[in-house]
Number of protein chains: 2
Amino acid sequence: MPRPTLEQVAQRAGVSRATVSRVVNDSPTVAESIRTAVRRAIDELGYVPNQAARSLVTQRTDSYALILPESPSRVFSDDQFFPGIIRGVSQELDSADKQLVLMVAGSQASHDRIERYALARHIDGVLIASMHGADPLPGTLARMGIPVLCGGRPLGQTRVPYVEVDNVNGGRMAVRHLLETGRTRIATIAGPQDMVAGIDRLTGYREELRGSDRRSIVAVGDFTRDSGAVAMRQLLEDDPDLDAVFVASDLMAHGALQALQAAGRRVPDDVAVIGFDDIALARYTEPPLSTVRQPIVGQGREMARQLLRLAAGEAIADSVILPTELVIRGTT
Amino acid sequence: MPRPTLEQVAQRAGVSRATVSRVVNDSPTVAESIRTAVRRAIDELGYVPNQAARSLVTQRTDSYALILPESPSRVFSDDQFFPGIIRGVSQELDSADKQLVLMVAGSQASHDRIERYALARHIDGVLIASMHGADPLPGTLARMGIPVLCGGRPLGQTRVPYVEVDNVNGGRMAVRHLLETGRTRIATIAGPQDMVAGIDRLTGYREELRGSDRRSIVAVGDFTRDSGAVAMRQLLEDDPDLDAVFVASDLMAHGALQALQAAGRRVPDDVAVIGFDDIALARYTEPPLSTVRQPIVGQGREMARQLLRLAAGEAIADSVILPTELVIRGTT
DNA sequence: CTGAAAGCGCTTACAG
DNA sequence: CTGAAAGCGCTTACAG
């Protein structure tokens with residue numbers, strides 16, 4: 001049973017294909033009576049436009065890519081950052097009736113494949129989040145005239161609009177709270193230093209500490225739980241008397257928490273812990289994790305909103321910064 | 001800068017469009033020298049085929065849908081089942097150079113929209129997982145001639161091929177182990193009874209218990225952590241002396257674990273717990289969770305493999321059942 | 001407000 | 001082995 005075409009709808013309604021096309025695309029210049037007749041024919045036949053044929057002439061595909069330059073095992077792990085971003089993006093795209101194309105690019109090969117795909121104009125616009133280093137991709141695509149928007153400030157001199165979360169202030173709030181509650185040896189487990197979230201949260205830690213007379217004690221992880229545990233053990237070795245740690249992600253904080261307890265430290269009595277993210281897990285650690293909440297789903301939504309505006313030819317802000325918020329639970 | 005077309009490649013290589021098309025599609029009937037010349041022209045121009053134009057004539061899109069009839073907040077939550085399936089499916093599709101279209105259909109409206117989308121032949125085949133009740137969707141699509149494959153045995157009389165995990169035996173193994181280690185009052189927290197995974201795991205529990213002289217003690221959750229905690233409290237009220245519980249998902253088991261501890265029960269001394277899934281979290285609960293491992297990513301991969309065969313016109317098995325495995329950790 | 005016609009960029013019998 | 005030509009199903013100036 002082949003699907004009905006515009007042609008068949010036109011015949012049934014007794015009009016031309018052009019008129020059916022106008023009705024389908026909500027053109028205002030169609031007489032009401034004809035519009036009704038065409039609508040009925042569409043319903044009776046169960047007509048749905050062929051997207052390929054439409055794309056061929058409009059040069060648009062009505063689909064947008066979300067590129068995550070990470071390995072699939074990372075994106076589809078228990079790190080709640082990725083599903084949060086995906087969810088926010090797909091919410092906005094759905095309600096604009098646009099298709100989301102998710103591209104996970106762990107290797108250089110897949111990275112290249114995605115660039116070719118985008119350049120081939122299979123998509124109307126591109127969102128890139130979780131970038132590492134000074135990724136040339138956003139700049140390359142933007143220069144070819146493809147609407148591009150980044151999740152997180154791009155490193156390097158790329159000038160592409162972005163939606164960011166206030167990482168620096170998040171770090172500052174966490175450290176300030178630790179200082180105010182009398183902690184004196186405040187360490188940090190930073191995120192990867194090739195990612196802006198890793199860099200900026202460490203900056204916030206450093207800036208806030210600089211105002212006090214405390215020295216900084218730093219270890220670096222890669223946002224995974226295991227790396228948090230490893231870093232925590234290292235910090236305890238570096239300074240067995242530390243009494244607080246600001247951890248740049250909740251998953252790393254979970255690892256750190258377990259490393260602390262394995263080392264016989266009581267939390268929060270001996271050591272206070274503050275994470276970053278406020279994923280669901282934070283409410284279920286033992287004790288529940290104090291953390292800096294960032295609006296992950298909200299960032300995804302805002303990214304999609306801005307990109308849709310950009311693709312529609314509207315002027316948008318160079319950057320949107322979403323606020324972070326300190327959430328106090330049981331580890332401080 | 002408009003993208004180059006077949007026409008331009010043909011001109012540059014001094015051949016017809018048909019010949020370029022043959023080279024692009026690896027037709028064997030092209031002279032080697034011409035093939036080389038065309039390849040060079042393609043490289044020089046950076047030619048990439050226009051997928052819309054190609055689809056229009058081939059009537060294929062080279063993309064496949066994965067339909068998850070769940071709300072987005074469920075799919076993109078910390079339930080590791082969904083990312084696992086997505087990851088497996090996208091691995092196989094990627095390596096076959098097919099595009100994955102992810103469709104999350106929480107509401108009836110989105111469910112209908114997806115049906116229309118599929119019927120409009122925007123995709124070459126459909127995968128459906130996490131079905132509730134006797135969903136008519138697989139049958140409807142299959143009857144229209146669209147290749148369909150289900151993740152999990154479809155309920156009702158739908159006859160569509162599926163890839164399933166051995167839920168019944170998983171439940172049996174868990175209960176058998178509890179019996180063998182001397183537990184006498186073995187309860188279960190079942191999954192939702194409109195889903196085959198919920199039904200079959202409960203069946204396994206019942207079947208294994210039937211062989212003993214123990215009676216069954218049942219509560220039902222919906223696979224979320226909170227529902228596990230609620231069900232556990234209810235079970236403790238029903239039978240304060242229970243000494244073991246088989247929980248139909250790890251996330252529910254996590255909730256149950258916390259409810260048990262909040263009620264002053266020691267695990268595993270007072271009460272043994274076995275979950276189902278073996279998600280990453282299982283290694284990080286306190287104590288680490290004994291569980292029935294199901295190959296989630298493997299199920300996704302197998303689903304995609306079977307669907308690709310089906311879409312290629314090959315004959316495939318009515319069903320593939322993947323084995324489950326008992327993993328003993330600290331809660332038994 | 002409506003229709004005839006051109007054209008989007010490909011693939012694929014059909015000849016040769 | 002290669003090319004001329006038809007056609008996939010739409011949209012959109014252009015006339016009227």
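Note on naming: letters A, B, ... go to the chains in the order of the sequence lines (proteins, then strands), and numbering restarts at 1 for each one.
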Residues in side chain to side chain donor-acceptor pair (under 3.5 Å) with [X], at least two apart?
X	result
Thr58(B)	none
Ser90(A)	none
Gln8(B)	none

> Which pairs, with at least one residue in residues 148-161 of chain B and sequence neighbours excluded, count as a side-chain hydrogen bond (donor to acceptor under 3.5 Å, both in side chains)?
Replying inline: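 Every pair satisfying side-chain hydrogen bond (donor to acceptor under 3.5 Å, both in side chains) with a residue in residues 148-161 of chain B: Arg153(B)-Asp200(B).
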> Does anything in residues 294-314 of chain B pair up under side-chain hydrogen bond (donor to acceptor under 3.5 Å, both in side chains), and if so which pairs, sequence neighbours excluded?
Replying inline: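 Every side-chain hydrogen bond (donor to acceptor under 3.5 Å, both in side chains) pair that includes a residue of residues 294-314 of chain B, provided the two are not neighbours, is Gln91(B)-Arg301(B), Glu92(B)-Arg301(B), Glu92(B)-Arg305(B), Asp277(B)-Gln294(B), Glu302(B)-Arg305(B), Gln306(B)-Arg309(B).
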> Can a donor-acceptor pair be found between the side chains of Thr36(A) and Ser33(A) at a distance below 3.5 Å?
Replying inline: no
In this structure, how many angstroms lie between the [atom2] atom of [N] and the [atom1] atom of [X], rounded?
X	N	atom1	atom2	result
Asp26(B)	dT12(C)	CG	P	13 Å
Arg54(A)	dT12(D)	CZ	C1'	13 Å
Leu56(B)	dG7(D)	CG	P	14 Å
Asn50(B)	dG9(D)	CG	C1'	14 Å

Can you find a side chain N or O atom of [X] that sits less than 4.0 Å from OP1 or OP2 on [N]?
X	N	value
Ser21(A)	dT11(D)	yes
Asn25(A)	dT11(D)	yes
Gln59(B)	dG9(D)	yes

Anything under 3.5 Å between a protein N or O and an N or O of nucleotides 1-4 of chain D, put it in a table, one pair a line.
unit_1	atom_1	unit_2	atom_2	d
dT2(D)	OP2	Ala31(B)	N	2.9
dG3(D)	OP2	Ser16(B)	N	3.1
dG3(D)	OP2	Ser16(B)	OG	3.1
dG3(D)	OP2	Thr19(B)	OG1	2.6
dG3(D)	N7	Arg22(B)	NH1	3.4
dG3(D)	O6	Arg22(B)	NH2	2.5

> So what's the dot-bracket for DNA chain D: Watson-Crick or G-U pairs under 3.5 Å, [ ] if a pair crosses, | if it pairs off-strand?
Replying inline: |||.||||||||.|||
> salt bridge (Lys or Arg N to Asp or Glu O under 4.0 Å): which pairs involve residues 99-109 of chain B, sequence neighbours left out?
Replying inline: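 For residues 99-109 of chain B: none.
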>> I need the full list of salt bridge (Lys or Arg N to Asp or Glu O under 4.0 Å) pairs touching residues 94-109 of chain A, with sequence neighbours left out, sorted by first then second residue.
In response: Asp62(A)-Lys98(A), Asp94(A)-Arg113(B), Asp97(A)-Arg113(B)
> For DNA chain D, what residues of residues 4-13 of chain A have any heavy atom nearer than 4.0 Å?
Replying inline: Thr5(A), Leu6(A)
> Residues two or more places apart in sequence or in another chain: which of them pass salt bridge (charged side-chain N to carboxylate O under 4.0 Å, His left out) with Asp26(A)?
Replying inline: Arg39(A)
> Among all residues two or more places apart in sequence or in another chain, which pass the salt bridge (charged side-chain N to carboxylate O under 4.0 Å, His left out) test with Asp135(A)?
Replying inline: none
>> Strictly distance-based, threshold 3.5 Å: is any side-chain N or O of Ser55(B) a donor or acceptor partner for the main-chain N or O of Gln51(B)?
In response: yes
